[in-house]
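Taking it in order: structure first as structure tokens, then the write-up.
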Amino acid sequence: MVWFVVLSKLTDEGAKTLKERPERVKEVNKELESYGVRVVHQFVTFGEYDFVNIVEVDKPENLLKALIELNSRGSVRTTTLYAFPVDEAIKVLKS
């Protein structure tokens with residue numbers, strides 16, 4: 001599995017949708033699953049980003065497809081970070 005941190009900012013349209021239908025967040029998570037992206041943790045945050053999502057995928061290209069689809073709708077903008085588990089990093093650094 002490959003892990004990513006996805007930072008999301010709602011657009012004005014996205015905020016309006018979320019206000020009217022808060023459950024939309026869970027619907028989007030289901031859509032992500034159809035691309036092979038599993039949301040492991042999801043947080044609403046205050047500050048520069050509205051959501052922090054920890055996701056895992058078998059193939060990073062699946063995440064690419066999913067995020068292009070989401071961003072193309074105009075309700076959210078994302079920043080994606082590759083997440084390398086600390087224990088794996090330690091193993092690599094020791095080898």
Side-chain angles (χ1 to χ4, degrees):
M1 282 294 168
V2 182
W3 295 71
F4 291 89
V5 176
V6 180
L7 306 171
S8 304
K9 290 183 185 185
L10 294 171
T11 63
D12 290 345
E13 186 63 32
K16 181 180 175 186
T17 299
L18 191 59
K19 180 181 176 186
E20 293 170 358
R21 296 185 44 231
E23 67 279 359
R24 181 69 183 129
V25 173
K26 296 291 188 174
E27 293 169 5
V28 170
N29 292 350
K30 290 284 187 195
E31 289 179 48
L32 290 172
E33 287 178 16
S34 74
Y35 284 90
V37 178
R38 186 170 85 88
V39 177
V40 178
H41 295 288
Q42 186 169 51
F43 303 94
V44 174
T45 56
F46 301 95
E48 187 175 350
Y49 296 97
D50 298 308
F51 293 93
V52 173
N53 300 281
I54 310 300
V55 302
E56 66 178 7
V57 296
D58 286 326
K59 300 185 327 185
E61 55 268 29
N62 292 346
L63 181 61
L64 171 66
K65 290 177 186 178
L67 292 180
I68 291 297
E69 171 61 29
L70 288 180
N71 281 275
S72 73
R73 298 175 188 174
S75 58
V76 69
R77 292 291 172 248
T78 59
T79 300
T80 307
L81 307 169
Y82 174 69
F84 200 82
V86 169
D87 289 339
E88 289 181 34
I90 291 170
K91 287 180 190 175
V92 168
L93 295 171
K94 283 185 168 185
S95 62

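What's counted below: heavy atoms across the whole structure, side chains too, no hydrogens, waters or symmetry copies. Remember, predicted model here, so these are calculated numbers, not experimental data.
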Would you kindly confirm whether I54 and L81 end up in one hydrophobic cluster when ILVMFWY residues are joined by side chain heavy atoms under 4.5 Å apart? yes
Applying side-chain contact (heavy atoms from CB on, under 4.5 Å) to L32 and L70, what does each step give before you reach the verdict? CA-CA 9 Å; L32 290 172; L70 288 180; 3.8 Å; yes
Treat each ILVMFWY residue as a node, draw an edge where side-chain heavy atoms are under 4.5 Å apart, and state whether M1 and Y35 are in one component. no
Just so I know, are the side chains of Y49 and T79 near enough to count as touching, which here means a heavy-atom distance under 4.5 Å? yes
Looking at every heavy atom in both N71 and R77, which two are closest together, and how far apart are they? O-NH1, 2.6 Å
Here the gap from K91 atom NZ to L93 atom CG, rounded to the nearest 0.5 Å, amounts to 12.5 Å
Could you tell me the separation between the CG atom of L18 and the NZ atom of K16, rounded to the nearest 0.5 Å? 13.5 Å
Answer yes or no: is there a donor N or O on one side and an acceptor on the other, between the side chain of T78 and the main chain of V6, under 3.5 Å? no
Kindly say whether G36 contributes a backbone atom to a donor-acceptor pair with the side chain of D58 at under 3.5 angstrom? no
Measuring from L67:CG to S72:OG, what's the distance to the nearest 0.5 Å? 10.5 Å
Thinking salt bridges, do R73 and E69 make one under a 4.0 Å N-O criterion? yes
With clusters defined by side-chain heavy atoms of hydrophobic residues (ILVMFWY) lying less than 4.5 Å apart, directly or transitively, does W3 cluster with L64? no
Smallest separation among heavy atoms of T11 and V76, with atom names: CG2-N, 3.9 Å
Are V55 and F84 connected in the hydrophobic side-chain network, where two residues link if heavy atoms are under 4.5 Å apart? yes
Pairwise side-chain contact, E27 with R21, heavy-atom cut-off 4.5 Å (strictly under): yes
Give a yes or no on whether the ring-centroid distance for F4 and Y82 is below 6.0 angstrom. yes
Do F51 and L7 share a hydrophobic cluster (ILVMFWY, side-chain heavy atoms under 4.5 Å, transitive)? no
Give, for atom OG1 of T45 and atom NZ of K9, the distance between the pair rounded to the nearest 0.5 Å. 10.5 Å
Looking at V37 and A66, what are the two nearest heavy atoms and their distance? CG2-CB, 4.2 Å
